[in-house]
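One structure is given below, encoded as structure tokens.
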Amino acid sequence: AAGNASRVTLIICLVTLLLTLGIGIALTRSITRPVAQALRFAQDVAGGRLDQRLALDRGDEIGQLSAALDGMADTLHAHVSVADKIAQGDLNQNVKMASPQDQLGRALDQMILDLNNLVGQIRQRAEHIGDNADKVSAMSHDLASGATESASAVTEISATVTQIAA
């Protein structure tokens, strides 16, 4: 009976050890796999790839991390879209700030403001240059008319001198 009890105890210990080992492995995998996914995702975002999302639907801290990383990628993607439109010449953009501390959003907003001011200054100067070009054109016309009148007067004087000499 003592040998039987020892075997039962040994079997219970082995089963308990195997269950504990199985639970430990499952728990470890449930943490390390999503963390590894988050790491790869963060590396992709750091490399400029903003077209992916983790979308881990979990109620724990890993799910919260996933949601935060997805939100970061969404914000960066929105800012990239604004920058693309600015690069195409569309300065009528509204930058949606992710938070009051959104440095990239503030920089984009300031860039739009500065570019719009620059375009306004260029337009003013172009109008000023156009006005001055009109004035130069009028002066050139006046000079041409004066030169024509002078040439006509010289011709008349030359004809008069020729008549007097004859």
Side-chain angles (χ1 to χ4, degrees), residues 27-166:
L27 184 60
T28 301
R29 284 185 179 175
S30 76
I31 294 171
T32 57
R33 282 185 179 167
V35 169
Q37 275 183 289
L39 174 62
R40 283 190 303 276
F41 176 77
Q43 289 169 334
D44 285 348
V45 169
R49 188 167 180 199
L50 303 174
D51 60 341
Q52 299 181 51
R53 299 297 176 268
L54 280 172
L56 296 177
D57 189 22
R58 296 174 56 137
D60 58 5
E61 289 82 1
I62 293 173
Q64 292 172 355
L65 174 63
S66 169
L69 288 171
D70 287 347
M72 176 187 66
D74 289 340
T75 298
L76 288 172
H77 189 266
H79 288 342
V80 166
S81 294
V82 169
D84 281 343
K85 289 178 183 172
I86 292 169
Q88 294 169 5
D90 183 0
L91 300 179
N92 295 321
Q93 296 299 309
N94 291 319
V95 180
K96 182 181 176 191
M97 300 293 169
S99 74
Q101 295 81 29
D102 185 355
Q103 293 176 329
L104 180 57
R106 284 195 315 247
L108 283 170
D109 204 36
Q110 186 63 47
M111 181 173 63
I112 292 169
L113 180 67
D114 291 347
L115 286 171
N116 277 318
N117 286 337
L118 182 62
V119 167
Q121 290 174 4
I122 290 170
R123 282 188 182 136
Q124 283 179 334
R125 291 189 176 132
E127 288 173 10
H128 184 69
I129 289 170
D131 290 345
N132 286 341
D134 290 344
K135 289 177 185 175
V136 168
S137 176
M139 287 179 175
S140 293
H141 185 269
D142 290 347
L143 284 173
S145 294
T148 302
E149 289 175 13
S150 294
S152 179
V154 167
T155 302
E156 284 181 33
I157 291 172
S158 177
T160 304
V161 168
T162 303
Q163 282 179 350
I164 292 175

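Counting from 1, the numbers follow the sequence of the chain as shown.
Scanning for side-chain hydrogen bond (donor to acceptor under 3.5 Å, both in side chains) contacts around D134 gives an empty result, with sequence neighbours left out. Take V45 and apply the side-chain contact (heavy atoms from CB on, under 4.5 Å) test, not counting sequence neighbours, and it matches F41, L50, M72, A73, L76. The side-chain contact (heavy atoms from CB on, under 4.5 Å) check on D102 picks up T75, H79, M97, A98, S99, L104, with sequence neighbours excluded. With sequence neighbours excluded, no residue forms a side-chain contact (heavy atoms from CB on, under 4.5 Å) with D57. The side-chain contact (heavy atoms from CB on, under 4.5 Å) search around K96 returns none, not counting sequence neighbours. With sequence neighbours excluded, no residue satisfies side-chain hydrogen bond (donor to acceptor under 3.5 Å, both in side chains) with H141. Partners of D131 by side-chain hydrogen bond (donor to acceptor under 3.5 Å, both in side chains), not counting sequence neighbours: none found. By the side-chain hydrogen bond (donor to acceptor under 3.5 Å, both in side chains) test, Q121 pairs with no residue at all, sequence neighbours left out.
Note that the CE atom of M139 and the NZ atom of K135 stand 8.0 Å from one another [nearest 0.5 Å]. For the atom pair L65 CG and D70 CG, the distance stands at 9.5 Å (nearest 0.5 Å). For the atom pair CD1 (I62) and CG (L56), the distance works out to 8.5 Å, reported to the nearest 0.5 Å.
Side-chain atoms of S137 never come within 3.5 Å of backbone atoms of A133 as a donor-acceptor pair (strictly under, hydrogens ignored).
Taking each heavy atom of S66 and L54 in turn, the nearest pair found is OG-CB, 3.4 Å.
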Throw together a table of side-chain donor-acceptor distances under 3.5 angstrom for residues 106-114, partners on residues two or more places apart or in other chains.
| residue | atom | partner | partner atom | Å |
| --- | --- | --- | --- | --- |
| R106 | NH1 | P100 | O | 2.9 |
| Q110 | NE2 | D114 | OD1 | 2.8 |

Enumerate, atom names and distances included, each donor-acceptor pair closer than 3.5 Å involving a side-chain atom of residues 155-166, sequence neighbours excluded.
| residue | atom | partner | partner atom | Å |
| --- | --- | --- | --- | --- |
| T155 | OG1 | A151 | O | 2.8 |
| T160 | OG1 | E156 | O | 2.8 |
| T162 | OG1 | S158 | O | 2.7 |

Name each donor-acceptor pair under 3.5 Å that joins a side chain in residues 27-36 to protein atoms two or more places apart or in another chain, with its distance.
| residue | atom | partner | partner atom | Å |
| --- | --- | --- | --- | --- |
| T28 | OG1 | G24 | O | 2.7 |
| S30 | OG | L27 | O | 2.8 |
| T32 | OG1 | T28 | O | 2.9 |

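Residue pairs meeting the salt bridge (charged side-chain N to carboxylate O under 4.0 Å, His left out) criterion with at least one member in residues 36-56, sequence neighbours excluded: R49-D51, R53-D74.
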